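As the structure is a prediction and not an experimental result, all values here were calculated from the model. Labels below follow one simple rule: chain letters A, B, ... track the order of the sequence lines, proteins then strands, and each chain is numbered from 1.
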2 protein chains.
Amino acid sequence: MKRVLVAIEPGSTSALVDAVERGGGSIASPGEADALVWTDPRSPEQLKALLRECPASWVQLPFAGIEAFFAAGAIEPGRTWTCAKGIYGHSTAEHALALMLMAARRLHVHAAASSWVSATFGAPERRLAEQTVVIVGTGGIGSELAAMLAPLGPRVIGVNRSGRPLVGAERTVEVSALLDVLPEAGFVVLAAALTKETSGLFSSSAFGAMKSDAWLVNVARGGLVDTPALVDALRDGEIAGAALDVTDPEPLPEGHPLWALPNAVITPHVGNTWDMALPELTALVERNVARFRSAAELEGLVDAATGY
Amino acid sequence: MKRVLVAIEPGSTSALVDAVERGGGSIASPGEADALVWTDPRSPEQLKALLRECPASWVQLPFAGIEAFFAAGAIEPGRTWTCAKGIYGHSTAEHALALMLMAARRLHVHAAASSWVSATFGAPERRLAEQTVVIVGTGGIGSELAAMLAPLGPRVIGVNRSGRPLVGAERTVEVSALLDVLPEAGFVVLAAALTKETSGLFSSSAFGAMKSDAWLVNVARGGLVDTPALVDALRDGEIAGAALDVTDPEPLPEGHPLWALPNAVITPHVGNTWDMALPELTALVERNVARFRSAAELEGLVDAATGY
């Protein structure tokens, strides 16, 4: 079997080079490449420019959220496109679990305290076993999260486009029934791709449907949430709190009202850092290079119809 | 079968009364009781005084840590004693998991931030999948924690008195080998009873054996840790941090050095609050009253030899 010529642009690392070579590829310049691994999540225009001079029939995007590449028209239909959907689910789900437990156990409050405050009865801390968790999006993140929640014992309800059952959920409903299940949730976790259909999915009507003691956890994309409506909901006590690893706009600018709200906790998109991702990504690249060589179906094929 | 006369002292709740009655008991005064449920964890002397006038052959203590009752000589050998060991494991293990994830994802740092700080490479957040967790104490808390960690993927090492395997652990060692396994840990979780043997178990030699990027998590008893030695270890960077739901002294007094250390996070003994405990406790009381009636072995028998 001939070796596959793979370009890694605009920047590479030895770990990616090793992965390509373990998969049976050889590093090549873009002008002669059979395949391209594109490493910068923020530069669809630069990718479009490079592709004009690049014969690669397959392009691997090493991130899960590729809406910016669709928006820029970079996902040319004449080539095969793969992304990293699914493989970062475990790490990002762990971050969602961390944020849920932080909120339930009020760690953000306790961490800032400088004296011992406890209540014998009526303490506000909660355990997940008594909660209902609504998981919106049942791909890599959502399914890993459901597995992580199982030993903790909450009731889980899944929400997705098709209603296809989320393993570990009591039931799974179509997104059209979102407002029907939100009133049950102590925690709502956003784990969906950002598409035309999901953009701004959480607006005032969603917050209005949630319980006043419920938390919103977003580890997916900031654009799933109508941020001004969220600020209002947090200020008015319509919901109890929000833990956000992603924001809109992102990075969240200094002075944004969310920074000042005591019931909003922001983490700077660290659900799946580059360091956490690299082992998963290099394993995917190795597998896909090997599959490409043997003309097998690639993992993580981008679906132009759904946008992810 | 005759009904069992059960006294609930020094204070009762309707939930406990219901539990006794569901188990086949009738509420009685201490002077005529066959059994006593003692509800105040901080009053062994008061219990001793009451027992002089109480014929109960069985005493249920509704807490897991009963070292204060042993120390006061309240655990009279002529009666059968049960405590709540084991049944609060799930709730307390969840708190340990919350504290571990907080530390790994640096939520205590992010929650206090008012601007977006992120690093593309070399971000300090960690995921548990890459970590080794040493669990000291493999009873109710330790075994529940191991089950909760399983889907997250860290390597687990158990430590206990006997070396009896902890389910879910790669291996379990006797406490005499503690210093041998500590250098492997990214997280050390204390989940052991406080006894003569475990008092001050974590002193300077233990901290010296831990990695400089390791966290100590204590959800069991403050007395397991030599607090001045912990303060030194945190100040000197000998270990990365400590997340403590229990302290020595407890409550931790205002102005104590731990409050001022940025790498010490204190929660005020909320691993298992009264509200979280009540469903588990009432279920235990119901089961034990029924067992007492039918002369079956009671759950949670206190072992005078080990002290818990």
* **Side-chain heavy atoms of A:Leu216 within contact of A:Leu190, under 4.5 Å** => yes
* Structure fact -> Honestly, the part of B:Leu252 sitting under 4.5 Å from a heavy atom of chain A is both
* Yes or no on side-chain contact (heavy atoms from CB on, under 4.5 Å) for A:Ile239 and A:Leu230, after CA distance, side-chain angles and deciding distance? -> CA-CA 9 Å; A:Ile239 67 174; A:Leu230 174 61; 3.9 Å; yes
* Please confirm whether the backbone N or O of A:Gly271 pairs with a side-chain atom of B:Arg105, one donor and one acceptor, at under 3.5 Å? => yes
* **B:Glu144, part contacting chain A, at a heavy-atom distance under 4.5 Å** => neither
* Asked: chain B: which of A:Thr273, A:Val265, A:Leu107 shares the most heavy-atom pairs with it under 4.5 Å?
  -> A:Leu107
* Asked: Got B:Pro257 and B:Arg235 here, is their nearest side-chain heavy-atom distance under 4.5 Å?
  -> yes
* Structure fact -> chain B shares the most heavy-atom pairs under 4.5 Å, among A:Val109, A:Val117, A:Leu258, with A:Val117
* A:Asp40 side chain to A:Pro10 backbone, donor-acceptor under 3.5 Å -> no
* To do: Could you tell me the separation between the OG atom of A:Ser143 and the CE atom of A:Met148, rounded to the nearest 0.5 Å?
  => 9.5 Å
* Is the shortest heavy-atom distance from the side chain of B:Glu280 to the side chain of B:Ser91 under 4.5 Å? -> no
* Structure fact -> Per-residue tally against chain B (heavy atom, under 4.5 Å) across A:Leu278, A:Thr267, A:Asn272, A:Leu149 peaks at A:Thr267
* Asked: Can you pull out the residues in residues 125-133 of chain A with any heavy atom less than 4.5 Å from chain B?
  -> A:Glu125, A:Arg126, A:Arg127, A:Leu128, A:Ala129
* Asked: When only pairs under 4.5 Å are counted, which of B:Pro268, B:Pro151, B:Ala98, B:Pro279 shares the most heavy-atom pairs with chain A?
  -> B:Pro268
* **Partner chain B: residue of A:Gly122, A:Ser118, A:Pro253, A:Ala112 with the largest heavy-atom pair count (under 4.5 Å)** => A:Gly122
* B:Leu99 portion near chain A, given a 4.5 angstrom heavy-atom threshold -> both
* Asked: Are side-chain heavy atoms of A:Val285 and A:Ile8 found at a separation under 4.5 Å?
  -> no
* For chain A, find which of B:Ala243, B:Ala150, B:Pro251 contributes the most heavy-atom pairs closer than 4.5 angstrom. => B:Pro251
* Residue selection (most heavy-atom pairs with chain A, distance under 4.5 Å) from B:Ser114, B:Ala123, B:Ala111 -> B:Ser114
* Asked: Does A:Leu16 offer a backbone N or O that forms a donor-acceptor pair with the side chain of A:Thr282 under 3.5 Å?
  -> no
* To do: Could you tell me the separation between the CZ atom of A:Phe63 and the OH atom of A:Tyr88, rounded to the nearest 0.5 Å?
  => 8.5 Å
* Asked: Applying side-chain hydrogen bond (donor to acceptor under 3.5 Å, both in side chains), which residue pairs with at least one partner in residues 211-228 of chain B are found, sequence neighbours left out?
  -> B:Glu67-B:Arg221
* To do: Hey, could you give me the CD1/OG1 distance between A:Ile157 and A:Thr172, rounded to the nearest 0.5 Å?
  => 9.0 Å
* Can you tell which part of B:His269 gets under 4.5 Å to a heavy atom of chain A, answering side chain, backbone, both or neither? => both
* **Residue among A:His108, A:His256, A:Glu250 with most heavy-atom pairs under 4.5 Å to chain B** => A:Glu250
* Which atom pair, heavy atoms only, marks the closest approach of B:Ala191 to B:Gly142? -> CB-N, 4.1 Å
* Part of B:Val270 within contact of chain A (heavy atom distance under 4.5 Å) -> both
* Residue B:Ser115 versus chain A: region with a heavy atom under 4.5 Å -> both
